[in-house]
Amino acid sequence: LNNSLLAGSDFLTGAFPAEFGNKMAAVFDLKLRNGNNEKTEFTTQLGLNGLEAGVEGPIGHTPSNSPKGGEIDTTSPPLRGGFRWGGSSYLINYRYSTLKLFQLAGINFGVSGLPQYQDLTFKVNIPTAKAGVFSLWGIGGMSKISLLDSEKDSADWSFTDSGEDLVFGSKMGVVGFSHLYFYSDKISGKLNLSVSGTGFKVTIDTLSADNIPYRVFTNDSKDGQYFLNYTLTDKINSHHLLKAGVTAKNIFFDYRSSYWSRNNTIYIDQLRDKNNANTFQSFFHWQYRITDNLTLNSGVHYNLFALSKSWAIEPRAGMRWQFLPKHTLSAAYGMHSQALPMIYYFYHAFDSSSNSYAQTNKTLGLSKSMHYVLAYDFNFSRDFRFKLENYYQNLYNIPIEKYHKNSFSALNVGNELNGITLVDSLENKGTGYNYGTEITLEKFFSKGYYFLNSVSLYDSRYKGSDGTLRHTAFSGGYVYTILGGIEIPTGKKNHTIGFDVKFTIAGGNRYTPIDLQQSILQTDAVYIDSLSFSKQFRNYRKLDIKLSYRINRKKTSHYLYFHIENILNHKNVLHQVYNDSKKDMIEEYQLGLFPYGGYRIEF
């Protein structure tokens, strides 16, 4: 995603409205902006981390009296079907980045692999006189990174030292179409259609004593979905708004994943399935403005996962009360459900005694949660805001192991750095909870500066099939962030210098300790399950700074910047691994000192 192409975004962290479903934790609602419908504009950027090129502008002729903002041109002759080009626009942007340029410059940043990636984004927006607004858009990209111990420089201290060569490649693409139609000045309907796909190709080679790699893991998988959504909105009057919609998805995939089993001395297929699954969702939302200062949002969401024939009816409700001119209280409740990633349902469990495979998770139901949120907002000045939010999430119906008493829970899925832990014979009997407080003091950009000061204090726990209450993999405990920036005029007209800084400190990653003696005996990492996520790495700390210079002219804009991430070169622990060649535990680290810069011109 290129953030310069976004119209806006909403990050909903709990008890989100009824229109969002099959999500338990949060929703990131992103909107792609339209291109400039009045004049053609070009963007070019060249930096140490790559290049970017973009163009946007009107489609056809835009009359000189067309108001800014792209009203529909009713003066030009309509095209076939009632189309008018006035107000129509296009946008296309391409980025290519290879941080290998750093290596060519002889710069070493303490990393053993640098990513290569590229992406393309486009959007065409056509408003019409009578047929509504049509949009066609797409995003696609690919990336690759190689973390090779066999070629590691002695100065590298990050990512790899585990005696393995890892090559990870991915690609994705999505094309979507939408049609917004106004039945009247109060009623509108929107159709959304899309098709998307992703592909992953991962190989892991373990290095022998003489540094020769041999293959221990391969994953060459593809998946995607066909998506259909229709939403109807009725602005009945100034007090009532109704919204209802349906969504259908067909998820298709071709999974191919295998690993070398040292115990069985054969390659075992974790995934080898080409199949599909369907989901269906619907919702109803009612917004009621009781008074000018009191608003009720309520609704219900229905979620059906056809593969396991599991479903959920989820009530949602939220109240917002502006009890004083600058003070607002809000409270929300929501029930939410979510299906697991498809790979869990189609995982091939291997039985060494019969040398056969079985799929035991296809009947898994939806994971569920109930969210409670209470928040207070104080806009004590035009550009200042203070916000306090408290939340509690009760998690249940979580997949855990059925026949073995251990610490596994699907709540920890997504934290694995060495590949997803696939488990067979799961059942929906696990539980967990999250609760916390978030405090934010924010100054929006005005008068040449901005800042944000935010602290989050939280706890996250769960129970696996052994019934023990533990920290989840994500239970860092706290996150504190302070960031800000200032723009200073240089004295020359339309010339400004910018300075931005960001500092973050957070609780370290949770991890499960390894039994070193057993790992040495089995020549592979053996984790102590009874101590799952009981340990925590030292605090995460990172300071970033950015210096920029901007020149705004009548027809062009020039922007020169230099950015240094982790300027203190702090060694933040990523995870701990067992290195069989050293017969010892080692720590691997996140990105160290990382400077980059560039030049951007818009004309």
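In this text the structure is predicted, and so the values were computed from the model without any measurement.
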### Task
Decide yes or no on side-chain contact (heavy atoms from CB on, under 4.5 Å) for Arg470 and Tyr462, but give the supporting numbers first.
CA-CA 6 Å; Arg470 295 183 172 89; Tyr462 80 100; 3.7 Å; yes

### Task
Would you please test Ile139 and Leu1 for side-chain contact (heavy atoms from CB on, under 4.5 Å) and show each step?
CA-CA 8 Å; Ile139 299 174; Leu1 289 172; 3.8 Å; yes

### Message
Between Tyr90 and Asn37, does the side chain to side chain donor-acceptor pair (under 3.5 Å) criterion hold? Intermediate values first, please.
### Response
CA-CA 8 Å; Tyr90 70 93; Asn37 58 15; over 6 Å; no

### Message
Please determine whether ring-ring contact (aromatic ring centres under 6.0 Å, His included) holds for the pair Tyr333 and Tyr372, giving the CA-CA distance in whole Å, both sets of side-chain angles, and the decisive distance to 0.1 Å.
### Response
CA-CA 5 Å; Tyr333 163 82; Tyr372 307 85; 5.3 Å; yes

### Message
Run Arg461 and Asp459 through salt bridge (charged side-chain N to carboxylate O under 4.0 Å, His left out) and show every step you take.
### Response
CA-CA 7 Å; Arg461 310 269 181 150; Asp459 191 23; 3.0 Å; yes

### Task
Show your reasoning for whether side-chain contact (heavy atoms from CB on, under 4.5 Å) applies to Tyr589 and Val573.
CA-CA 4 Å; Tyr589 302 96; Val573 181; 4.0 Å; yes

### Message
With side chain to side chain donor-acceptor pair (under 3.5 Å) as the criterion, how do Tyr549 and His495 come out once you've worked through the C-alpha distance, each side chain's angles and the decisive distance to 0.1 Å?
### Response
CA-CA 7 Å; Tyr549 190 85; His495 289 234; 2.8 Å; yes

### Task
Show your working on side-chain contact (heavy atoms from CB on, under 4.5 Å) between Thr198 and Lys171 and close with a plain yes or no.
CA-CA 6 Å; Thr198 59; Lys171 55 186 176 181; over 6 Å; no

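Between the CD atom in Glu41 and the OG1 atom in Thr556 there is a gap of 11.5 Å [rounded to 0.5 Å]. Considering CG of Leu324 and CG of Asn379, their distance stands at 12.5 Å, rounded to 0.5 Å. Rounding to the nearest 0.5 Å gives a distance of 5.5 Å between CG of Asp119 and OG1 of Thr121. To the nearest 0.5 Å, atom CD of residue Glu588 and atom NZ of residue Lys571 are 12.5 Å apart. The distance from the NZ atom of Lys583 to the CG atom of Leu516 is 10.0 Å, given to the nearest 0.5 Å. Taken from CD1 in Ile439 to CG in Leu441, the straight-line distance is 10.5 Å, to the nearest 0.5 Å.
Judged by distance alone, with hydrogens and angles left aside, the side-chain atoms of Tyr94 form no donor-acceptor pair with the main-chain N or O of Gln118 at under 3.5 Å. In this structure a side-chain-to-backbone donor-acceptor pair under 3.5 Å is present from Arg316 to Phe16. With hydrogens and angles ignored, the 3.5 Å screen pairs a side-chain donor or acceptor of Ser409 with a backbone N or O of Leu411. For the pair Asp584 (side chain) and Asn579 (backbone), a donor-acceptor distance under 3.5 Å is absent. Of the possible polar contacts, none joining the Asn394 side chain to the Ser369 backbone as a donor-acceptor pair under 3.5 Å is found. Side-chain atoms of Glu389 do not come within 3.5 Å of backbone N or O of Thr437 as any donor-acceptor pair. One N or O on the side chain of Asn22 and one on the backbone of Ala339 form a donor-acceptor pair closer than 3.5 Å. When atom types are taken as modelled, the side chain of Asp529 and the backbone of Ser407 share a donor-acceptor pair closer than 3.5 angstrom. No side-chain donor-acceptor contact under 3.5 Å links Gln45 to the backbone of Tyr599. A donor-acceptor contact shorter than 3.5 Å links the side chain of Lys123 to the backbone of Leu32.
Between Lys502 and Leu543, every side-chain heavy-atom pair lies at or beyond the 4.5 Å cut-off. The closest side-chain heavy-atom distance from Phe20 to Asp29 is below 4.5 Å. In this structure, Leu12 and Pro17 have side chains that are in contact, with non-hydrogen atoms separated by less than 4.5 Å. In this structure, Ser367 and Ser337 have side chains that are not in contact, with every pair of non-hydrogen atoms separated by 4.5 Å or more. Side-chain contact between Val174 and Val195: absent, with no pair of heavy atoms (C-beta onward) separated by less than 4.5 Å. Two residues are said to be in side-chain contact when any heavy atoms from C-beta on lie closer than 4.5 Å; Ser548 and Arg600 fail this criterion. The side-chain heavy atoms of Asp383 and Phe445, taken from C-beta on, include no pair separated by under 4.5 Å. Counting heavy atoms from C-beta on, the side chains of Lys542 and His570 never come closer than 4.5 Å.
Between Phe380 and Phe378, the angle of the ring planes lies from 30° to 60°, which puts this pair in the tilted group. Taking the six-membered ring where the residue is Trp, Phe200 and Phe168 present tilted rings, their angle falling between 30° and 60°.
Both tests do not hold together for Arg510 against Phe533: distance to the six-membered ring centre under 6.0 Å, angle to the ring axis within 45°.
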Show the atom names and distances, to 0.1 Å, of all donor-acceptor pairs under 3.5 Å that link a side chain in residues 449-456 to residues at least two apart or in another chain.
from   : atom 1 : to     : atom 2 : distance (Å)
Tyr450 : OH     : Asp500 : OD2    : 2.7
Asn453 : OD1    : Tyr480 : OH     : 2.8

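Considering every non-hydrogen atom in both Asn509 and Leu574, the closest pair reads ND2-O, 3.2 Å. Nearest heavy-atom pair across Asn34 and Glu56 is O-OE1, 4.4 Å. Across all non-hydrogen atoms, the minimal contact from Asn36 to Lys39 is OD1-N, 3.3 Å. For the residue pair Pro595 and Phe562, the shortest heavy atom distance occurs at CB-CZ, 3.9 Å. Minimum interatomic distance between Leu166 and Ile204 (heavy atoms only, all atoms of both residues): CD1-CG1, 3.6 Å. Heavy-atom minimum distance, Ile497 versus Thr490: CG1-CG2, 3.6 Å.
No donor-acceptor contact under 3.5 angstrom links the side chains of Thr472 and Asn412, judged on distance only. Residues Thr203 and Thr218 bring no donor and acceptor atom of their side chains to less than 3.5 Å of each other. Looking only at atom types and distance, the side chain of Asn572 has no donor-acceptor partner in the side chain of Gln590 under 3.5 Å away.
Taking 4.0 Å as the cut-off between side-chain N and carboxylate O, Asp10 and Lys31 count as a salt-bridged pair. Remark: Glu587 engages Arg538 in a salt bridge, criterion side-chain N to carboxylate O under 4.0 Å. Ion pair Arg95/Glu52 not flagged as a salt bridge, since none of the NZ, NE, NH1 or NH2 atoms sits closer than 4.0 Å to an Asp/Glu carboxylate oxygen.
Annotation: side chain to side chain contact (heavy atoms under 4.5 Å, CB included) contacts of Tyr511 (sequence neighbours excluded): Lys535, Phe537, Gln576.
Counted within 6.0 Å of NZ on Lys546, heavy atoms from surrounding residues, nucleotides or ligands total more than 12; the atom is thus considered enclosed. The environment of Leu136 atom CG is dense: over 12 non-hydrogen atoms of other residues, nucleotides or ligands sit within 6.0 angstrom.
Taking the six-membered ring where the residue is Trp, the centroids of Tyr392 and His371 are separated by 6.0 Å or more. Within the 6.0 Å centre-distance limit, the rings of Phe42 and Phe603 are counted as a close aromatic pair.
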